[in-house]
Amino acid sequence: MNGVEEAVAGSAEAPQPLEWKFSQVFGERTAGEEVQEVDIISAIEFDRTGDHLATGDRGGRVVLFERADTKDHGGNRRDLEMMDYSNSRHPEFRYKTEFQSHEPEFDYLKSLEIEEKINKIRWCQSANGALFLLSTNDKTIKFWKVQEKKVKKICDMNVDPVKAAGNGPIAGSSRSTLSKPCIANGECTENPVGHSSADFEFPSGGIPSLRLPTVTSHEMSLVARCRRIYAHAHDYHINSISNNSDGETFISADDLRINLWNLEISNQSFNIVDVKPANMEDLTEVITSAEFHPTHCNTLAYSSSKGSIRLIDMRQSALCDSHSKLFEQPEVSGTRSFFTEIIASISDIKFSKDGRHILSRDYMTLKLWDINMDSGPVTTFQVHEYLRPKLCDLYENDSIFDKFECCLSGDGLRVATGSYSNLFRVFGCSKGSSEATTLEASKNPTRRQVQTPSRPARSLGSLSRGFRRGADNSGVDSNGNAYDFSTKLLHLAWHPTENSLACAASNSLYMYYA
């Protein structure tokens, strides 16, 4: 047993639902303030340690935050023990730096405008005090290095103005080379034949006011430098990038292909998955998301618009046309409609930390899959069942094509995803858990909490078919407020080691802890 099952077996009772509290917000809007399109957050990612957080926006910028509370608790051991540090600890992040990752481009061959919007951010292994990360827009992936460097400034430049007055004859001398045009090597161009710059003679007492410029380092500054650019490898829009556990390679996926890259080589990639048919009229599904296994460098999973997940082993062949496992939910007869395939499309997949489970998000549900059981999902969580009668309206305004992300807690006991009206939902997935919490991305996260029916979950390892719980059947929240489909919480991330969530609501970054 490992991962989720270890946690389940270790406790006779299901853990209590978490009590989420507001931590902080960056970029909060004032009442009536209009949000600029370029400021809307489009990607969010914690690094492996949880000490750094990166966000990307539609304007092509990447903003980095660093953990503040772990560094500010100094003092000796006795002082820390008296502080009751474990109970008073409050996760806090602070702004670190930002840089322009991508610029808008235009593909003249295809007459295609390429947006600067950041689609995904992935952290790489840090080295020598520097941070490394990958960012991508629709076409181009960039490898960034962010490092602290000393800012060097020149002080004591030129001569002292008081003492310089006595050196007038020297400074104004007809033999001074400073008044004549000079070339790059310092030699004057107007010297007569036989006359060199060496003919200038310093006075016997020297020039006491003459000083050489001095370079000093006053402060440290963060510098972001693009180390490599991985371009011209995708004909369609990139929807995913994922680092390999070997620390040397990563994958990038578009609608029809998945490419394997080496971080050190930017001009060559290997196509490992290609679902493009010989005749595009035969195309029935596209790739929607791809993710490397967290510990097995040869294994990766990718999802499709038909609601299936394929697990592939790169050791089987150079081009992974066949999958080693296929995960899909059997269709219930008599339930098919015009919207069935649209809402079945998976928008995001994530491996659990131990690699035993895969979490997938489609339009209506979250599904948890056991990679050792391909008969169906272990558990299905209803995210916003109240939308089912409104699917026609959502299709008309294109909301039905919104791509919500999902995430798992580091211990594998909980999962989370976003919804409309800037709401996000947290579900417990351990044995006996009935946790199904609805929170709002605001300073008061429980203000619009939706009451959900309690139904105990069964053990992850003992389920052969999924079940549904936590359903919302009402079109209004517990306060009678109508849901707002124009405000949506698409992006969120769970801290890798703590119960802390970062959520992106439009241009604001909200952080919560439990």
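Please read these numbers as outputs of a predicted model, since none were measured by experiment.
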Check ring-ring contact (aromatic ring centres under 6.0 Å, His included) between Y230 and all other residues, then give those that pass, not counting sequence neighbours.
F250, W261
Polar contact flag, side-chain donor to acceptor under 3.5 angstrom, W20-T446
no
Checking F65 now: which residues fulfil ring-ring contact (aromatic ring centres under 6.0 Å, His included) with it, not counting sequence neighbours?
F26
When you compare the side chains of H491 and S42, does any donor N or O come within less than 3.5 Å of an acceptor on the partner?
no
I'd like to know if the side chain of T487 reaches the main chain of D484, judged simply by a donor and an acceptor atom lying under 3.5 Å from each other, with no hydrogens or angles considered.
yes
All heavy atoms of D235 vs all of D254, minimum pair found to be N-OD2, 3.8 Å
Using the side chain to side chain donor-acceptor pair (under 3.5 Å) criterion, which residues pair with T249? Sequence neighbours excluded.
N244, D246
Across all chains, not counting sequence neighbours, the salt bridge (charged side-chain N to carboxylate O under 4.0 Å, His left out) partners of R414 are E435
Flag yes if more than 12 heavy atoms outside F106 fall under 6.0 Å of its CZ atom; otherwise flag no.
yes
Going by the rule side-chain contact (heavy atoms from CB on, under 4.5 Å), which residues pair with D39 if we only count those two or more places apart in sequence or in a different chain?
Q36, R61, N507
What heavy-atom pair brings G56 and I121 nearest, and what distance separates the two atoms?
N-CD1, 3.4 Å
Tell me whether D255 contacts the main-chain N or O of R257 through its side chain, where contact means a donor paired with an acceptor under 3.5 Å.
no
Report the C-alpha separation of E105 and K139 in whole Å, then their side-chain angles, then the decisive distance to 0.1 Å, and conclude whether the salt bridge (charged side-chain N to carboxylate O under 4.0 Å, His left out) test is met.
CA-CA 10 Å; E105 301 175 41; K139 295 290 183 180; over 6 Å; no
For the pair H102 (side chain) and T140 (backbone), establish whether a donor and an acceptor sit closer than 3.5 Å, ignoring hydrogens and angles.
yes
Who passes salt bridge (charged side-chain N to carboxylate O under 4.0 Å, His left out) against K443, sequence neighbours left out?
E28
H495 meets the ring-ring contact (aromatic ring centres under 6.0 Å, His included) criterion, sequence neighbours left out, with F46
So, are R29 and E34 salt-bridged, with charged N and O less than 4.0 Å apart?
no
Got a donor-acceptor contact below 3.5 angstrom from the S289 side chain to the S347 backbone?
no
Got a sec, which residues hit side chain to side chain donor-acceptor pair (under 3.5 Å) with S500, two or more places apart in sequence or on another chain?
none
Would you say that more than 12 heavy atoms from the other residues, nucleotides or ligands in this model lie under 6.0 Å from the CZ of R227, or not?
yes
For the pair E405 and K120, find out whether any cationic side-chain nitrogen is under 4.0 Å from an anionic carboxylate oxygen.
yes
Has the side chain of S433 got a donor or acceptor atom that lies under 3.5 Å from a matching backbone atom of S430?
no
Tell me which donor-acceptor pairs under 3.5 Å the side chains of residues 122-129 have, and how far apart each pair is, sequence neighbours excluded?
unit_1 : atom_1 : unit_2 : atom_2 : d
R122   : NE     : I241   : O      : 3.2
R122   : NH1    : E45    : OE1    : 3.1
W123   : NE1    : E45    : O      : 3.0

Considering all heavy atoms, the nearest D51-F93 contact
O-CE2, 3.9 Å
Closest heavy-atom pair and its distance - S101, V62
CB-CG2, 3.7 Å
Taking NZ, NE, NH1 and NH2 as the nitrogens, is one of them in E66 or R94 under 4.0 Å from a carboxylate oxygen of the other?
yes
Report yes or no: does N137 contribute a side-chain atom to a donor-acceptor pair with the main-chain N or O of G60 at less than 3.5 Å?
no
Spacing of T417 atom OG1 and K350 atom NZ [to the nearest 0.5 Å]
9.0 Å
Check whether the ring centres of F338 and Y395 lie less than 6.0 Å apart, and answer yes or no.
yes
Counting distance only, does the side-chain N/O of S419 pair as donor-acceptor with the main-chain N or O of L423 below 3.5 Å?
no
Under 4.0 Å between a side-chain nitrogen and a carboxylate oxygen: does that hold for D138 and K117?
no
In plain terms, say whether E328 and K367 are close enough for a salt bridge, that is, a side-chain N and a carboxylate O under 4.0 Å apart.
no
Side chains of Q329 and T380 in contact at under 4.5 Å (non-hydrogen atoms)
yes
Can you see whether S399 engages N397 through a side-chain donor-acceptor pair at a distance of less than 3.5 angstrom?
yes
Hey, is the main chain of L112 close enough, under 3.5 Å, to the side chain of D107 for a donor-acceptor pair?
no
Can you sort out the partners of S308 under side chain to side chain donor-acceptor pair (under 3.5 Å), two or more places apart, ordered by chain and number?
S304, R310
Between R67 and H52, is the side chain to side chain contact (heavy atoms under 4.5 Å, CB included) condition met? List the steps.
CA-CA 6 Å; R67 188 74 180 264; H52 294 92; over 6 Å; no
For the pair H293 (side chain) and T295 (backbone), establish whether a donor and an acceptor sit closer than 3.5 Å, ignoring hydrogens and angles.
yes
Under the 3.5 angstrom rule, does the side chain of E248 hit a backbone N or O of L263 as a donor-acceptor pair?
no
Can you label the angle between the Y512 ring and the Y510 ring as parallel, tilted or perpendicular, going by 30° and 60°?
parallel
Please step through ring-ring contact (aromatic ring centres under 6.0 Å, His included) for the pair Y302 and F292, ending with a clear verdict.
CA-CA 9 Å; Y302 69 91; F292 258 122; over 10 Å; no
Between E116 and R58, which heavy-atom pair has the shortest distance, and what is it?
CG-O, 3.4 Å
Please name the residue in the list D362, D348, T288 that meets the side chain to side chain donor-acceptor pair (under 3.5 Å) test with S303.
T288
Residues in salt bridge (charged side-chain N to carboxylate O under 4.0 Å, His left out) contact with K142, at least two apart in sequence or another chain
none
Does E285 have more than 12 heavy atoms from other residues, nucleotides or ligands lying within 6.0 Å of its CD?
yes
Nearest heavy atoms of A130 and K145, plus distance in Å
CB-CE, 3.7 Å
Listed by chain and number, what are the side chain to side chain donor-acceptor pair (under 3.5 Å) partners of Y363, not counting sequence neighbours?
Y420
